Amino acid sequence: MSDELPLPDEVGHALEDYVLHGRGGRVQGEEVFWTVIDPVQPLSANGVCGTIRQICIKAGVEKFGPHRLRHTFATGMLATGATLQEVQGLLRHAHLRTTALYAKVDKNRLTALAPEWPAAASLGRCPR
């Protein structure tokens, strides 16, 4: 599966350079993240979870997983004015109702987003 995300040109070029030239010939493939212990292979979902937990331990903070990072990202985007559809696209949610769960954190923002919700639009108004 291939995803396209908005990146500044310099970030895209840096990633491309890393994938094409920055690995010293150790790995071959288009994946960006790889394990560093043999056998070298693309980093799995479990590998991501383990890496985040190890970073938490080293930083001396309460352990958490990737979902909290996604949650923080989504609620931060909504708090700064992103639409549910924009966040849906970045999180790759198939259904807008999944993304809408992130809006419940900020009731003021949820009220502002309610007219975007298809069920509210079909009613012609959003009761408050």
Side-chain angles (χ1 to χ4, degrees):
M1 175 164 80
S2 176
D3 293 320
E4 292 185 22
L5 297 174
L7 291 174
D9 285 342
E10 62 270 11
V11 174
H13 292 305
L15 281 172
E16 179 182 35
D17 184 57
Y18 171 73
V19 169
L20 295 175
H21 311 290
R23 301 176 181 166
R26 188 173 157 133
V27 298
Q28 298 294 320
E30 294 184 359
E31 292 84 358
V32 175
F33 301 106
W34 291 72
T35 60
V36 294
I37 299 171
D38 288 328
V40 176
Q41 57 193 0
L43 191 60
S44 67
N46 284 339
V48 172
C49 290
T51 300
I52 291 172
R53 293 188 197 295
Q54 288 176 3
I55 291 169
C56 289
I57 291 168
K58 286 181 182 180
V61 299
E62 174 189 349
K63 287 190 268 186
F64 60 85
H67 180 74
R68 186 180 294 177
L69 295 177
R70 287 175 59 88
H71 181 83
T72 301
F73 170 76
T75 55
M77 292 230 7
L78 290 170
T80 58
T83 66
L84 283 173
Q85 290 82 359
E86 290 169 333
V87 176
Q88 175 190 19
L90 291 170
L91 294 181
R92 299 182 344 218
H93 288 156
H95 303 286
L96 191 60
R97 66 180 172 267
T98 305
T99 310
L101 296 174
Y102 294 106
K104 71 181 180 182
V105 174
D106 182 347
K107 291 186 181 186
N108 292 329
R109 181 69 179 139
L110 178 59
T111 301
L113 290 172
E116 296 178 23
W117 186 247
S122 69
L123 294 173
R125 66 182 182 96
C126 181
R128 301 205 174 176

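Note that the coordinates shown come from a computational prediction; the quantities given were computed from them, not determined experimentally.
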**Study point:** Name of the residue among R70, M77, H93 meeting side-chain contact (heavy atoms from CB on, under 4.5 Å) with V87
**Key:** M77

Exercise for review: Working to the nearest 0.5 Å, report the span between CZ of R97 and CG of L84.
Suggested key: 13.5 Å

Anything under 3.5 Å between a donor and an acceptor, one on a side chain of residues 54-69, the other on a protein residue two or more places apart or in another chain? List them.
none

Review point. What about L15 and F33, same hydrophobic cluster or not, with Ile/Leu/Val/Met/Phe/Trp/Tyr joined at side-chain heavy-atom distances under 4.5 Å?
Key: yes

Side-chain donor-acceptor contacts of residues 37-47 below 3.5 Å, not counting sequence neighbours, with atom names and distances?
from	atom 1	to	atom 2	distance (Å)
D38	OD1	R26	NH2	3.3
S44	OG	N46	N	3.4
S44	OG	G47	N	3.0

**Study point:** L101 side, atom CG; H95 side, atom NE2 - distance, nearest 0.5 Å
**Key:** 12.5 Å

